[in-house]
Amino acid sequence: MAAEGMRRLASGERPRLSDLLLTPGNAMRVADRLSHLRGAALKLGQMISMDAGDILPPELSTILATVRNQAYRMPPQQLGAVLKREWGTDWRRRFSHFDAMPIAAASIGQVHRATLPDGQVLAIKVQYPGVRASIDADVDNVATLLRISNLLPRTLDLSPLLAEAKRQLAEEADYLREGEQMRAYGERLSCDGRYIVPTLHSDLTTADVLAMQFVEAQPIETLADAGQDVRDRAMTTLIELVLREIFEFGVMQTDPNFANFRWQPDTGALVLLDFGATRVVPVQTVESYRALIAAGLAHDRDGIRDIAVETGFLGAEAVAAHRATVDRIIAAIDDALGRPEPFDFGDRAFVPVVQAEASSLVGDRATWHIPDTEKLFVQRKISGTAMLCARLKARVDVVGLARAAIASGLPLADGQEPHLASAPGNKP
């Protein structure tokens with residue numbers, strides 16, 4: 001940045017800080033460093049690139065798109081040191097075979113395939129050293145990158161969101177906690193053969209190593225080559241799960257990364273992975289979604305707008321300044337969902353309309369609004385699920401599923417909150 005700034009000053013320019021950061025060369029350098037850093041920096045980069053890639057400055061999108069699927073593997077010596085620390089010096093005797101080459105590498109850990117002496121095949125997730133210690137600094141550094149890029153208004157208070165991001169990332173880095181959430185999800189879905197949750201192997205699980213049943217399955221994106229009816233069934237199953245998480249379980253796995261879902265062509269079942277981002281859905285958030293969906297089912301467009309403001313989905317200042325725009329966005333979405341046939345996620349005709357209308361909202365940075373963090377995490381799961389459905393061009397009776405969900409969801413007693421590992425769940 002310093003060299004580029006000096007060059008531009010020498011040529012008579014007055015460069016902005018954001019221009020110096022977001023040169024093509026710097027974009028690739030930052031992408032490379034984020035990939036090496038791993039941990040929270042890489043995870044946040046992946047999250048932002050997935051959730052907001054269409055609205056970010058092109059240069060920043062380049063950075064984040066590059067890191068989205070990158071992750072460096074631990075050198076074998078480092079991997080051995082971690083396993084020796086967690087399992088003892090004779091850890092190899094626990095297995096008849098342990099594949100040192102990871103079958104997957106992600107932001108905070110990598111996964112290895114291993115076989116026990118009795119023939120059981122396991123997936124072993126090993127956390128990169130130092131991840132937990134770097135979370136706070138990583139989150140602050142990514143926030144600084146967003147500020148320098150001039151994407152966010154300086155008046156926007158990110159403090160609550162950053163604090164919550166640090167808390168959730170710390171929870172995701174606790175594999176003992178993740179193992180317990182995986183076990184609880186398995187119990188909730190044990191009577192529904194459409195879902196497969198790996199079985200936890202608790203004897204080998206520690207805070208930095210998660211051992212689970214290895215489940216044969218394909219990446220969820222391979223469904224794109226399946227027939228329309230297969231894609232429709234799979235995405236109906238996934239959307240049903242999201243609705244049950246909100247209205248039945250009161251607990252949600254909030255990370256919609258496509259890698260967290262796989263499928264079995266022979267059974268049609270969805271395999272659910274990675275429960276580190278599991279969190280309680282507060283009763284207030286549940287009721288906000290119930291009210292919003294009820295207004296949508298009634299095609300009460302004024303009600304949708306008013307409830308969205310009342311529950312914090314939309315900012316009052318933004319709606320006051322751009323009410324006609326907000327009403328046109330609501331109308332476009334209502335028209336798309338209000339057709340009698342199943343909703344076609346592959347038909348994106350309404351999306352450019354919404355994007356065009358939303359440009360004035362996005363441009364008015366003085367009225368930007370951040371919903372409370374609990375709604376943000378839930379909404380991220382909903383939006384990510386919709387993105388996957390769009391990728392697969394699925395057709396789903398979203399209206400029918402939503403109507404059934406808000407009618408059958410069991411409200412908790414006043415003041416009662418669900419517990420992560422013991423939230424109530426009805427058998428399907």
Please tabulate, for the side chains in residues 294-305, all donor-acceptor contacts under 3.5 angstrom to protein atoms that are two or more places apart in sequence or on a different chain.
from	atom 1	to	atom 2	distance (Å)
H299	ND1	D334	OD1	2.8
H299	ND1	D334	OD2	3.4
D300	OD1	G303	N	2.9
R301	NE	D334	OD2	2.8
R301	NH2	D334	OD2	3.1
R301	NH2	D335	OD1	2.5
D302	OD1	R305	NH1	3.1
R305	NH1	D327	OD1	2.8
R305	NH1	D327	OD2	3.4

**Q.** F343 vs D397 side-chain heavy atoms within contact, under 4.5 Å
**A.** no
Q | Candidates E172, E245, E171, E374 - the one meeting salt bridge (charged side-chain N to carboxylate O under 4.0 Å, His left out) with R279 | A | E374
Q. What heavy-atom pair brings R395 and D232 nearest, and what distance separates the two atoms?
A. N-OD1, 2.7 Å
Q: Evaluate the ring planes of Y185 and F275, with Trp represented by its six-membered ring, and classify them as parallel (under 30°), tilted (30 to 60°) or perpendicular (over 60°).
A: tilted
Q) Which heavy atom in P198 sits nearest to a heavy atom in L273, and how many Å separate them? A) CG-CD2, 3.7 Å
Q) Does a salt bridge link E180 with R183, judged by any charged N lying under 4.0 Å from a carboxylate O? A) yes
Q. So do D372 and Q284 actually touch side chain to side chain, heavy atoms under 4.5 Å?
A. no
Q. Got a salt bridge between R339 and D344, using NZ or NE/NH1/NH2 to carboxylate O under 4.0 Å?
A. no
Q) Within a strict 4.5 Å, meaning less than it, do heavy atoms of the I406 and F247 side chains meet? A) yes
Q: Please check if atom CD in E317 has more than 12 non-hydrogen atoms from other residues, nucleotides or ligands closer than 6.0 Å.
A: no
Q: Please report the shortest heavy-atom distance between V353 and A332, naming the atom on each side.
A: CG1-CB, 4.2 Å
Q.
Is the positively charged end of R188 above the ring of F249, judged by distance under 6.0 angstrom from the centroid and angle within 45° of the axis?
A. yes
Q | Side-chain (Q110) to main-chain (Y128) donor-acceptor, under 3.5 angstrom | A | no
**Q.** Qualifying salt bridge (Lys or Arg N to Asp or Glu O under 4.0 Å) pairs, either residue in residues 210-225, two or more places apart
**A.** R113-E216
Q. Would you say V251 and T278 make side-chain contact, with heavy atoms under 4.5 Å?
A. yes
Q | Contacts of A234 that satisfy side-chain contact (heavy atoms from CB on, under 4.5 Å) - sequence neighbours left out | A | L223, L270
Q) Does the Q213 side chain pair with the main chain of T199, one donor and one acceptor, at a distance under 3.5 Å? A) yes
Q: Give a yes or no answer on whether the side chain of S359 reaches the backbone of A356 with a donor-acceptor pair at less than 3.5 Å.
A: yes
Q) Roughly how far, to the nearest 0.5 Å, is the CZ atom of R348 from the NZ atom of K393? A) 9.5 Å
Q | Single hit among L314, T367, T325, V319 for side-chain contact (heavy atoms from CB on, under 4.5 Å) with L361 | A | T325
Q. Looking just at side-chain N and O atoms, do Q168 and T254 make a donor-acceptor pair shorter than 3.5 Å?
A. yes
(Q) With ring pair (Phe, Tyr, Trp, His ring centres under 6.0 Å) as the criterion, how do Y195 and F261 come out once you've worked through the C-alpha distance, each side chain's angles and the decisive distance to 0.1 Å? (A) CA-CA 10 Å; Y195 308 98; F261 308 95; over 10 Å; no
Q. Are W263 and T237 side-chain neighbours, meaning at least one heavy-atom pair lies under 4.5 Å?
A. no
Q. Would you call K166 and D140 a salt bridge, using N to O less than 4.0 angstrom?
A. yes
Q | Donor-acceptor under 3.5 Å (S96 side chain, T115 main chain) | A | yes
Q: Check whether any side-chain heavy atom of Q253 lies under 4.5 Å from a side-chain heavy atom of D274, and answer yes or no.
A: no
Q) Mind checking whether M235 and L238 have side chains closer than 4.5 Å, heavy atoms only? A) yes
